[in-house]
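Note that the numbering runs from 1 along the sequence shown for the chain. Ligands are counted one by one from 1 in listed order, and the atoms in each one are counted from 1 as well.
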Amino acid sequence: METVRPFITREQIADKVCELGFRISEDFQGDSVILIGVLKGASIFLADLARQITVDAAFDFIAVSSYGNLTQHSGEVRLLKDVDESLEDRNVILVEDIADTGLTLSYLKNLFSARRPKQLKIAALLDKKCRRMVPISIDYVGFVIPDEFVIGYGMDLAGRYRNLSEICVLESSAAM
Ligand code: IMP
Ligand code: MG
C-alpha cells in the first residue's frame, strides 16, 4: 500500500503559478504565445497557468510515452500525439508537469526547434534537478524538489491521483 504525504499546498501552487504567468506575460508583452501541454500530467498546470497569462495565448497538446505504468523512465521517448498547428514563427512554450531525467524535454526541444518557432521556451512546475541525465535549460521553473516521487495536481502513479488538488509525496508502494 502507498502512503501519501502532503508536500506542496494548493496555496503555494497557486502563488507560484501566478508568478510564472506574470513572468511569461511580461516576457511576451505585445505578442502572443502558444502553450503546448504534455499530456496528461501537465493538463492541470496548463489550465491554471493559461489563466494567469494576460497576452494572447493559444493551447495545444502533445502526448509522449516515457513512464508507462512504472515510476522508472524507460530510457526512450516516443511521440504518440503531435500538435495540430504549425509552430513556424510562433512563440512556443512547452508546458510540463515535472522535469526528471530531462529526456522528455530534451527530445521535445529538439523536435520543436526544428519547426522554426520564433522562440521556444520551457515551463515546468517541478524540477527534480538532482536526477538529470541530459542537460536541459528550463526557462520557467516552479519548484526545485528533491528526489521523491510526487503525485497530484495532474501527476500520477499508474493513472491514479491526478485529481488531488495539492502535490503529495508517495512514500512507499508495491509498484516502486
Ligand atoms: P523525464 O523525461 O525523466 O524528465 O521525465 C519526465 C516525465 O516523467 C514527466 O512528464 C512525468 O510524467 C514523469 N515523472 C517524473 N517524475 C515524476 C514524479 O515524481 N511523479 C510523477 N511523474 C513523474
Ligand atoms: Mg509528464
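For atom 10 (O) of ligand 1, the nearest non-hydrogen atom from the set Glu96, Met155, Arg132, Lys40 comes from Glu96.
If you run side chain to side chain contact (heavy atoms under 4.5 Å, CB included) between Leu126 and each of Ile167, Asp97, Val141, only Ile167 comes through. Screening Val38, Leu46, Asp82, Leu35 for a side chain to side chain contact (heavy atoms under 4.5 Å, CB included) with Phe61, the sole residue that qualifies is Leu46.
Contacts between Arg131 and ligand 1, counted as non-hydrogen atom pairs separated by less than 4.0 Å, are absent for every part of the residue. Of all the heavy atoms of Glu148, the ones lying under 4.0 Å from any atom of ligand 1 belong exclusively to the backbone. The proximity of Asp97 to ligand 1, defined as any non-hydrogen pair under 4.0 Å, is limited to the side chain.
Each of the atoms 21 (C) of ligand 1 lies under 4.0 Å from some heavy atom of Asp156. Those atoms of ligand 1 that come under 4.0 Å of a heavy atom in Thr104, given as number and element, are 1 (P), 2 (O), 5 (O), 6 (C). Here is the list of ligand 1 atoms found below 4.0 Å of a heavy atom in Leu103: 2 (O), 4 (O). Near Lys128, with a cut-off below 4.0 Å to any heavy atom, the atoms of ligand 1 are 16 (N), 17 (C), 18 (C), 19 (O).
Side-chain atoms of Asp139 come within 3.5 Å of backbone atoms of Ile122 as a donor-acceptor pair (strictly under, hydrogens ignored). Side chain of Lys128 to backbone of Glu148: a donor-acceptor contact under 3.5 angstrom is found.
The neighbour count for Arg116 CZ, taken as heavy atoms of other residues, nucleotides or ligands under 6.0 Å away, does not exceed 12.
Salt bridge Asp27/Lys121: absent, no basic N to carboxylate O contact under 4.0 Å.
The shortest N/O to N/O separation between Phe149 and ligand 1 does not fall below 3.5 Å.
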